[in-house]
Amino acid sequence: MSVDATVYNVFFASPVNLKEERKAFSPTLYTYSFCESLSQNVMFAPKLWEFDVNPGMGRPQDLINKILDESDYMILVLWDRWGSPSGSTEGSTSACEEEFRRARRNLDDKTMPMKDIAVFFKDVNSRQMQDPGEQLEKVLKFRDELTRTQTCLFNTYSDKEQFSVKLRSQLGGWARDHKHGIERIYKRESWIFSSFQNKHIEHIKFPGELDPEHELGEELLEELQEAKRLGDTNEVLRAQNKYEEITSNNPQLLIANNDYAKFLYRIGNLDRARDKFTEILISSIEQKLTGWTSRAYANLAIIDIGVGNLDSAEKYLAQSVEFNEILSHGAGLADNHRWQAKVFQIRGDFRVSHRLLFSADKAFRDMGYEPGIADIQADLCAVLLAMGRYEEAFSHVASSLELNKKLKRNSCQADNYALLGRVSLARGQIAEATKNLEIAREINVGLKRKHGIANSLALLGELYIQCDDLERAEDFLMQARDLSEELGKREEIAQISLSLGQMYFQKGDDQRAREYLQRARAEYGLMKSKDGDASAGLALGRLALRNNDMNLCEGELLKSLVYWETIGNPVELGRCYELQSAIHSRGGLLSDAITSCKMAIKCFSDSGAKLEESWARKMLSQLYGTSGDERNSVSELEASKKIQAILGNSEQEN
């Protein structure tokens with residue numbers, strides 16, 4: 001049977017000191033293509049100069065560049081060597097640098113096939129870092145350049161096995177790009193915003209700015225300012241009555257209707273906010289006010305994202321993008337990219353989400369628009385948290401909080417503190433997480449932001465699950481559930497259901513645990529959220545293990561393991577290996593159980609998930625004890641206690 005598949009050429013660039021990675025490259029591509037992506041009608045063909053360049057006259061690098069120019073993707077891998085000079089006349093100091101710069105130009109050229117570039121750095125030991133030498137200095141300088149300019153997201157790995165795992169994750173992202181048809185985002189990024197340089201900033205209208213076509217009389221302007229003041233001081237009922245009075249007397253005044261709709265969204269009245277944004281859309285079309293039409297489509301998309309109607313949100317965003325492109329409205333396009341990123345994030349396509357956020361961040365920075373930069377930094381934190389990259393996540397949310405304090409954006413600060421709480425919780429820093437989440441809750445209560453309050457309560461519930469204070473966890477989670485159901489926030493309902501399922505599992509109430517985990521899976525299914533489904537599946541797998549349903553347990557584990565390996569999330573992979581270890585232990589395969597537990601520990605250690613590393617080390621201690629290896633059993637238990645002490649959780653039993 002023949003298969004109609006798109007074949008993408010993947011060029012591999014590296015210095016000569018990475019022989020193992022070069023050997024692993026082709027087998028990894030072939031295995032992934034035949035076992036995974038062929039079902040999506042996609043295949044990846046490896047391109048290496050040692051196999052694909054025919055002998056000929058001329059500069060050797062020119063022959064290699066011909067293969068690069070025919071490639072759709074490029075993988076660049078560097079370790080402690082920069083490489084030898086290529087004879088470049090354009091200033092490149094090594095073959096790898098010339099290939100990267102050329103691939104970058106190809107990416108910006110719409111006539112070339114190049115769609116994306118992925119850069120990997122192999123970990124360097126601390127001794128080399130103390131005295132790097134000329135070759136390593138150049139590698140570190142290049143890495144700093146990528147970090148500083150944010151032109152290319154890179155990844156790191158420790159050994160050949162981890163490189164193969166992360167390479168498969170990269171291929172998975174490219175396969176999803178093909179499925180979703182999002183090549184245009186990458187190829188057009190360089191010209192969508194090319195006309196919006198600093199000299200044009202004074203002509204750019206940012207989201208929410210008053211449009212000049214509406215001249216407000218002094219009396220009406222004072223009334224609108226009074227409504228805003230009432231809303232800002234949390235006199236909600238008076239603010240709502242004032243907005244109703246203004247908009248009913250001025251139904252065609254889009255500024256007032258837009259302010260009212262945003263106020264309704266803030267206080268959690270999403271249905272009424274949707275009605276107002278729909279009225280704005282209809283009125284703007286009738287009045288042929290294209291800018292307002294674009295904005296209304298984007299706002300309707302934001303509401304649909306909030307309630308989990310992602311297909312509808314994508315359609316609204318596509319309409320908004322179309323109008324913003326017609327208007328050459330850079331700020332509007334950047335905002336569109338931000339919300340498109342949120343859709344991909346919910347669906348578990350984190351790499352695509354990250355790339356879209358980088359595009360929006362670049363645009364807002366070019367414009368010098370600080371509120372946009374602050375929002376994107378917070379969104380980047382959320383995506384990196386989902387990818388298990390906690391240190392980077394912390395850096396982004398800290399940057400966002402600093403900007404929002406400067407701009408005096410109280411509601412955004414509340415969201416920042418909630419994110420800081422999530423990062424601290426993921427790291428196992430219970431006291432720090434508690435402090436940040438209580439600050440977030442206090443601000444949200446003061447502002448009467450129902451969705452913010454629900455989020456804070458849900459995160460505090462997760463915190464108390466980790467502290468094994470299940471009564472308080474249940475109380476917080478139930479309050480969060482009621483608020484989220486009142487608001488119709490499907491993503492939050494799904495996450496809270498997952499947390500409740502895990503809490504009841506910890507309580508030993510298997511029936512209620514199963515009910516909530518199945519509800520979480522159903523909600524994630526409606527949103528087509530692959531990471532949510534994988535998380536719910538792993539929790540159901542643990543429940544199945546406890547009930548001796550080994551077929552269900554192993555099936556759920558396999559699905560979750562394949563997904564998280566493709567994504568490359570080390571924390572979720574660690575949780576998968578923990579369950580795998582428990583399965584092996586149940587079957588009496590102690591050697592396999594110990595191996596899987598060690599893999600879990602490495603995943604948690606790599607990601608900075610110290611609390612989970614501590615629990616995994618206690619589990620490994622018990623496995624060693626069962627096998628009769630008392631020395632290693634004591635060693636792992638001491639390591640677990642040491643981590644708890646560092647985290648300030650020494651009083652807490654694992």
Check your understanding: If every non-hydrogen atom of L477 is compared with every non-hydrogen atom of S499, which pair is closest and at what distance?
Key -> CD2-CB, 3.9 Å

Review point. Among side-chain atoms of D123 and S158, is any donor-acceptor pair under 3.5 angstrom?
Key: no

**Study point:** K166 side chain to S164 backbone, donor-acceptor under 3.5 Å
**Key:** no

Point to revise | Any E491 side-chain heavy atom under 4.5 Å of S484 side chain | key: no

Practice item. Identify whether the distance between the nearest side-chain nitrogen and carboxylate oxygen of E391 and R427 falls below 4.0 Å. Key: yes

**Study point:** Aromatic centroids of F100 and F142 separated by under 6.0 Å
**Key:** yes

Review point. Regarding N416 and Q377, is there a side-chain donor-to-acceptor distance under 3.5 Å anywhere?
Key: no

Exercise for review: Compare all side-chain heavy atoms of W564 with those of D531 and state whether any distance is below 4.5 angstrom.
Suggested key: yes

Review point. Is N569 reaching over with its side chain to a backbone N or O of E572, donor-acceptor style, under 3.5 angstrom?
Key: yes

Check your understanding: Hey, does the side chain of S353 reach the backbone of A341 with a donor-acceptor pair shorter than 3.5 angstrom?
Key -> yes

Point to revise | side chain to side chain contact (heavy atoms under 4.5 Å, CB included) partner of F121, the single match among L146, L76, V77 | key: L146

Check your understanding: So, D415 and R409, do they make that salt bridge, N to O below 4.0 Å?
Key -> no

**Study point:** Side chain to side chain, L437 and L420, heavy atoms closer than 4.5 Å
**Key:** no

**Study point:** Aromatic contact, F11 with Y73 (centres under 6.0 Å)
**Key:** no

Review point. Just checking, is any N or O donor in the side chain of Q162 or D606 under 3.5 Å from an acceptor N or O on the other one?
Key: yes

Review point. Salt bridge check: are D304 and K315 linked by an N-O gap of less than 4.0 Å?
Key: no

Exercise for review: State whether the number of non-hydrogen atoms from other residues, nucleotides or ligands found under 6.0 Å of K528 atom NZ is greater than 12.
Suggested key: no

Point to revise | Exercise: identify the closest heavy-atom pair between A520 and A494 | key: CB-O, 3.5 Å

Point to revise | Min side-chain heavy-atom separation L459-E462 under 4.5 Å | key: yes

Point to revise | Sidechain-backbone polar pair: N444 side chain, G452 backbone, donor-acceptor under 3.5 Å | key: yes

Check your understanding: So, N404 side chain and S400 main chain: donor-acceptor pair closer than 3.5 Å or not?
Key -> yes

Check your understanding: Which is it for Y157 and E21 under the side chain to side chain donor-acceptor pair (under 3.5 Å) test, yes or no, and what are the steps along the way?
Key -> CA-CA 11 Å; Y157 69 97; E21 285 78 356; 2.9 Å; yes

**Study point:** Donor-acceptor pair, side chain of S560 and main chain of G537, under 3.5 angstrom
**Key:** no

Check your understanding: Would R422 count as a cation-pi partner of Y390, with NZ or CZ less than 6.0 Å from the six-membered ring centre and within 45° of the ring normal?
Key -> no

Check your understanding: Any Lys/Arg nitrogen of R101 or E145 sitting under 4.0 Å from an Asp/Glu carboxylate oxygen of the other?
Key -> yes

Exercise for review: Using atom types as modelled and distance alone, determine if a side-chain donor or acceptor of N324 lies under 3.5 Å from a backbone N or O of S320.
Suggested key: yes

Point to revise | Under-4.0 Å salt bridge between K530 and D349 | key: yes

**Study point:** D375/R338 ion pair, N-O < 4.0 Å
**Key:** yes

Check your understanding: C381 versus V423: any side-chain heavy-atom pair under 4.5 Å?
Key -> yes

Exercise for review: In sequence, state the C-alpha distance, the side-chain angles, and the governing distance for E99 and R102, and then conclude on salt bridge (Lys or Arg N to Asp or Glu O under 4.0 Å).
Suggested key: CA-CA 5 Å; E99 289 160 358; R102 190 179 188 93; over 6 Å; no

Check your understanding: Do the non-hydrogen side-chain atoms of T6 and M43 ever get within less than 4.5 Å of each other?
Key -> no

Study note, to complete from the structure: When every non-hydrogen atom of R143 is compared with those of T156, the smallest separation belongs to NH2-CG2, 3.7 Å

Practice item. Could you tell me whether R481 and E492 make a salt bridge, using a distance below 4.0 angstrom between a side-chain N and a carboxylate O? Key: no

Point to revise | Minimum side-chain heavy-atom gap H354-L384 below 4.5 Å | key: yes

Study note, to complete from the structure: In short, L498 meets S535 closest at the heavy-atom pair CD2-CB, 3.9 Å

Check your understanding: Is N299 reaching over with its side chain to a backbone N or O of R295, donor-acceptor style, under 3.5 angstrom?
Key -> yes

Exercise for review: Mind running side chain to side chain donor-acceptor pair (under 3.5 Å) on Q170 and Y32 for me, showing each step along the way?
Suggested key: CA-CA 11 Å; Q170 189 72 45; Y32 183 84; over 6 Å; no

Check your understanding: Would you say the side chain of Q340 lies within less than 4.5 Å of the side chain of L357, judging by non-hydrogen atoms?
Key -> no

